Amino acid sequence: MSITPPTSAPMPDPDEVARGLAELELYTAAHAPTLPVPAPADITEEGETRRVRELRARVAEAHRLVELQEDDAPLLVDTTKVRKRRTRVAEAARLHALAQDPDALAWRDAKVRKVTTAMTMTAACIALGVSSIGVQASVATGLNLKDGSIGWWAAFGVEPALSLPLLAAVTVQAYAAMRGHVVDRKSPEGRKLTRIEALLLGLTLILNCWPALVDGHGTLDKVALGLIVHSLGPVAAVVAVWTLPTLWAVLGALPAEGGTGACTTPSISGDASTGDGGEYSRYTPDRADIEALAERVRQLIAAGELHPSPGVHKIRRTLGCGTTVAARVQAALSGGAA
């Protein structure tokens, strides 16, 4: 069977193709959107140049700045430096106010007493330790002790035997003064402590200075030194026994202050007429009593015995009362609530 191939399509006429392209261009040109002609880069529709726009922006900015500068709010904002200074000033003010508080004053006084007591007692111990060298040399000479022997070494204990009662007397008097009751040297206990201190210090001074005062070769010198050295043991024992009751008496006369800060027993030299606490013992003051105490302080101020503005601790020592009561008396003096 035979198959007839299809007849090929006729070739397009070039003229028709050209006419179609021309019609297409005309249609496209007729229906295309109209675009505005771009203006030059430095000229707008209003005719303003770029310099005009920049100047207008600067003028607007200047007006806005002037408006904002009239507001002082930024000046009221604390900078970091000002804030730190305010913090330090506020802290200093609070510390100053706290330092005037009676309890803070008592704490500070206790701290100062502790430091000064440690310094003084350390100096006394060092001085007595150095003094023990001279005392030991005099004792060894008076007893003819051989160097390096047991007795020679035991002679170093003479100075502590004389110094410990002396240090105990000084400690008790310092403690009594810390409690606001200074031992009166004219009282029986005060006179006894004075004699004890004079005896102990005199023996220490003599034993330290003996080699420099005499040559030690004369018979009388040896006899005198021997008497002093042989009497040291009994004297130290008697002084210790004699000192202890006196120290107990001083400590027993101190006020037994409780939590209420009431006035209590008088001082070792207590006398009601001296205003040292004897007339205000064994009671807890109420408002009327505080006024009476304040009137007593006013009388002392008028008599010139107290400063016109006495502190809490000065009032406490004068009246022989606690810190709390003294603070109430000071408040009454200044016109505050007692």
Side-chain angles (χ1 to χ4, degrees), residues 29 31-116 118-119 180 259-261 285-291 293-295 297-298 300-302 306-319 321-338:
H31 293 83
T34 303
L35 297 177
V37 179
D42 58 345
I43 300 177
T44 64
E45 294 180 358
E46 292 81 8
E48 292 184 345
T49 64
R50 181 172 53 196
R51 293 177 58 189
V52 172
R53 293 196 302 271
E54 292 176 354
L55 181 58
R56 178 177 286 109
R58 289 199 300 269
V59 172
E61 180 186 17
H63 282 288
R64 186 59 177 164
L65 289 175
V66 170
E67 178 184 353
L68 293 176
Q69 285 178 352
E70 294 178 355
D71 191 350
D72 294 335
L75 303 179
L76 302 178
V77 178
D78 290 344
T79 62
T80 303
K81 187 174 182 180
V82 172
R83 191 65 183 175
K84 290 182 179 179
R85 180 64 61 85
R86 285 183 182 275
T87 301
R88 289 194 292 266
V89 169
E91 182 182 13
R94 295 183 65 184
L95 289 174
H96 178 73
L98 180 61
Q100 309 306 316
D101 185 83
D103 293 336
L105 290 174
W107 173 81
R108 187 173 62 190
D109 293 347
K111 187 175 181 180
V112 172
R113 283 194 297 266
K114 181 179 179 180
V115 173
T116 54
M119 295 171 61
T260 59
D286 55 15
R287 184 178 180 85
D289 296 327
I290 293 296
E291 292 296 336
L293 294 174
E295 183 60 30
V297 173
R298 293 189 186 96
L300 294 175
I301 293 174
L306 280 179
H307 189 271
S309 300
V312 173
H313 294 284
K314 184 64 175 178
I315 296 174
R316 178 177 61 84
R317 287 192 295 268
T318 301
L319 300 179
C321 61
T323 304
T324 304
V325 174
R328 293 176 61 189
V329 172
Q330 186 186 49
L333 291 173
S334 59

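Being a predicted model, the structure only gives us computed values, none of them experimental.
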Measure the [atom1]-[atom2] distance between [X] and [Y] for me, rounded to the nearest 0.5 Å.
X	Y	atom1	atom2	result
Arg298	Ile301	CZ	CD1	8.0 Å
Thr49	Glu54	OG1	CD	8.5 Å
Leu306	Arg317	CG	CZ	10.0 Å
Leu319	Lys314	CG	NZ	11.0 Å

query: Of all heavy-atom pairs between Ala327 and Pro102, which one has the smallest distance, and what is that distance?
result: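 Of all heavy-atom pairs spanning Ala327 and Pro102, the closest is CB-CG, 4.1 Å.
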Hey, can you pull the donor-acceptor pairs under 3.5 Å for the side chains in residues 69-77, sequence neighbours left out?
unit_1 : atom_1 : unit_2 : atom_2 : d
Asp71  : OD1    : Ala73  : N      : 3.1

query: Got a sec, which residues hit salt bridge (charged side-chain N to carboxylate O under 4.0 Å, His left out) with Arg108, two or more places apart in sequence or on another chain?
result: none
Would you be so kind as to tabulate the donor-acceptor pairs closer than 3.5 Å made by side chains of residues 80-98, with sequence neighbours excluded?
unit_1 : atom_1 : unit_2 : atom_2 : d
Arg86  : NE     : Asp78  : OD2    : 3.0
Thr87  : OG1    : Arg83  : O      : 2.9

task: If a pair satisfies side chain to side chain donor-acceptor pair (under 3.5 Å) and one of its residues is in residues 56-66, list it, with sequence neighbours excluded.
output: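 Non-adjacent pairs meeting side chain to side chain donor-acceptor pair (under 3.5 Å): Glu48-Arg56, Arg64-Glu67.
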field: Side-chain (Glu291) to main-chain (Ala332) donor-acceptor, under 3.5 angstrom
entry: no
message: Could you go through Val297 and Val329, starting from their C-alpha distance and side-chain angles, then the distance that decides it, and tell me whether this counts as side-chain contact (heavy atoms from CB on, under 4.5 Å)?
response: CA-CA 8 Å; Val297 173; Val329 172; 4.0 Å; yes
